Visitor: 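Okay, handing you the structure first.
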Protein chains: 2
Amino acid sequence: MSASTKLSSSVKALCFLAETHPIPKTSREIAEKTGINASKLRQLLSMLAKTRIVISEQGTKGGFLLQKDPKKIHLQEIYCSIEDRKAFHLNVTQGNGSSDDSNLDFNTYFLDLFSAIQVDIEEKMRNISLENIMNQLKIKSKFK
Amino acid sequence: MSASTKLSSSVKALCFLAETHPIPKTSREIAEKTGINASKLRQLLSMLAKTRIVISEQGTKGGFLLQKDPKKIHLQEIYCSIEDRKAFHLNVTQGNGSSDDSNLDFNTYFLDLFSAIQVDIEEKMRNISLENIMNQLKIKSKFK
DNA sequence: CCTAATTGTTATAGTAAGAGTAACATATTT
DNA sequence: AAATATGTTACTCTTACTATAACAATTAGG
């Protein structure tokens, strides 16, 4: 699952939880509503539970529940919860047999550049809340 | 070859051409200097030739030659020459059997978001010239 | 005109990554 | 104890990628 698909899948699930708050929803229910595989959903939601965006309750009558106000959930923290790898990252695995070791400088240069780009992307995502998205998509939150 | 690796490989090759200007260099020579496979280099450089960043000359005594002043070559145009796919792009291949078709709205939302991010990335790259990079890496251009 | 050398493009073989699902341990309620 | 969730790992299948090779197209020089 690509980073972008993970992100949109997570947002879909979170929107559904905001809509149905405060009733816990199982991965199966969310899967039926969103069309995302229940197993994959559990993988995503368990990561979102670790960063306290949702609460997960095991056992009978268990399920997932929004833990934070949609106003206070930002795309960036969702992204960071589900993805450790950078969005725009350099493959430095190139074991070239070059005599010239200026390649090291090149790699450093690009790593720095891509880090700067990554910062920009995260800054953009930091300014978008789940509520913003729901408003734009005209979904009503039932979060108290 | 990932987008980022293509970009850094292209820049390495272009720097080498700027350094050795105006002597045409074969893909084999560039390969030896940069540690990038000659066949891959030809693939990259032939794309850079189509966008008039380099000149390619076939046949005996042929090779590659810088066509533009390093001052006027920007990362963004290099990137666009070698990559048609977007850096941060959404997998909309998710054929979900969901009854709810709000997924269409979600996908549209994220496509728009990722397009905006892409614009930012390209803007950043538009402000970096090959000369900038060479200065930063202390490589001297012999472009007349 | 023929040969050598080079780019341009396609193909190929081997490896790695990813998607989708299944299986099962862990936990919790009744 | 049984039923039902999550959490995590594993498995299969397909897809993508990597690196290289092969060869057609092109050009210079004798």
Side-chain angles (χ1 to χ4, degrees), chain A residues 1-9 13 17 23-32 34-67 81-85 89-98, chain B residues 1-6 8-10 13 17 23-32 34-67 81-85 89-98:
Chain A
M1 208 175 212
S2 72
S4 56
T5 309
K6 279 190 195 169
L7 186 61
S8 68
S9 295
L17 291 180
I23 303 158
K25 293 290 171 182
T26 68
S27 58
R28 209 167 77 79
E29 284 176 292
I30 305 172
E32 280 165 8
T34 61
I36 302 160
N37 180 277
S39 189
K40 265 289 186 262
L41 267 176
R42 289 204 299 274
Q43 290 171 1
L44 291 173
L45 288 169
S46 77
M47 291 190 272
L48 294 171
K50 279 173 185 160
T51 53
R52 317 258 179 185
I53 294 172
V54 301
I55 296 171
S56 70
E57 290 167 345
Q58 285 186 319
T60 310
K61 302 288 171 190
F64 297 93
L65 201 62
L66 220 54
Q67 187 166 10
S81 300
I82 58 176
E83 194 69 36
D84 42 25
R85 180 172 149 188
H89 101 299
L90 180 63
N91 275 353
V92 250
T93 52
Q94 195 149 217
N96 48 34
S98 166
Chain B
M1 206 175 213
S2 73
S4 55
T5 308
K6 278 191 198 170
S8 67
S9 295
S10 299
L17 291 180
I23 302 158
K25 293 290 170 183
T26 68
S27 58
R28 208 166 77 78
E29 283 176 293
I30 305 173
E32 278 165 9
T34 61
I36 302 159
N37 180 276
S39 188
K40 263 289 185 264
L41 267 176
R42 288 204 298 276
Q43 289 171 0
L44 291 173
L45 288 169
S46 77
M47 291 191 270
L48 293 171
K50 280 173 185 159
T51 54
R52 316 261 177 180
I53 294 173
V54 300
I55 296 172
S56 70
E57 289 168 345
Q58 284 186 318
T60 310
K61 303 287 172 190
F64 297 95
L65 201 63
L66 219 55
Q67 188 166 11
S81 301
I82 58 176
E83 195 68 37
D84 42 25
R85 181 171 148 189
H89 101 300
L90 179 64
N91 275 353
V92 252
T93 52
Q94 194 148 221
N96 48 33
S98 165

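Quick caveat, the model's predicted, so the values are computed rather than measured. Every chain is numbered from 1 and lettered A, B, ... according to where its sequence line falls, protein lines coming before strand lines.
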Visitor: Could you check which of dA3(D), dT7(C), dT6(D) has an atom nearest any side-chain atom of T26(A)?
Guide: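 Minimum distance to the T26(A) side chain belongs to dT6(D).
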
Visitor: Where is the tightest heavy-atom contact between L48(A) and I82(A), given as atom of each residue plus distance?
Guide: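 Reported closest heavy-atom pair: CD2-CG2, 4.1 Å.
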
Visitor: Among the candidates dT29(C), dT6(C), dT26(C), find the nucleotide nearest to the side-chain atoms of Q58(A).
Guide: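 Per side-chain heavy atoms of Q58(A), the pick is dT26(C).
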
Visitor: Is any N or O donor-acceptor pair between the side chain of T60(A) and the base of dA5(D) shorter than 3.5 Å?
Guide: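 Checked by distance alone, the answer is no.
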
Visitor: Is N37(A) close enough to dT21(C) that one of its side-chain N or O atoms is under 4.0 Å from OP1 or OP2 there?
Guide: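 Yes, because at least one side-chain N or O of N37(A) sits under 4.0 Å from OP1 or OP2 of dT21(C).
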
Visitor: Considering just the side-chain nitrogens and oxygens of S56(A), establish if one lies under 4.0 Å of OP1 or OP2 belonging to dG7(D).
Guide: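 For dG7(D), OP1/OP2 do have a side-chain N/O of S56(A) under 4.0 Å.
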
Visitor: Considering non-hydrogen atoms only, spot the tightest contact between L44(A) and S9(A) and give its length.
Guide: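 Distance-wise, the nearest heavy atoms are CD1-CB, 3.8 Å.
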
Visitor: On DNA chain C, nearest-nucleotide positions of G59(B) versus E57(A): which is more 5'?
Guide: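 Whichever sits nearer the 5' end wins; that is G59(B).
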
Visitor: In residues 41-53 of chain A, which ones come under 4.0 Å of DNA chain D, going by heavy atoms?
Guide: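 Close to the strand are R42(A), Q43(A), S46(A), K50(A).
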
Visitor: Side chain of S27(B): nearest nucleotide among dT9(D), dT28(C), dT7(C)?
Guide: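 So the side chain of S27(B) is nearest to dT7(C).
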
Visitor: Tell me the interatomic distance from K40(B), atom NZ, to dT12(C), atom C1', rounded to whole angstroms.
Guide: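 Answer to the nearest Å: 13 Å.
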
Visitor: Calculate the interatomic distance between R28(A) atom CZ and dT6(D) atom P; express it in whole Å.
Guide: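 Roughly 10 Å, once rounded to whole Å.
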
Visitor: Quick one: I36(A) CD1 to dG18(C) C1', roughly how many Å, whole number?
Guide: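 Going from CD1 in I36(A) over to C1' in dG18(C) covers 17 Å.
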
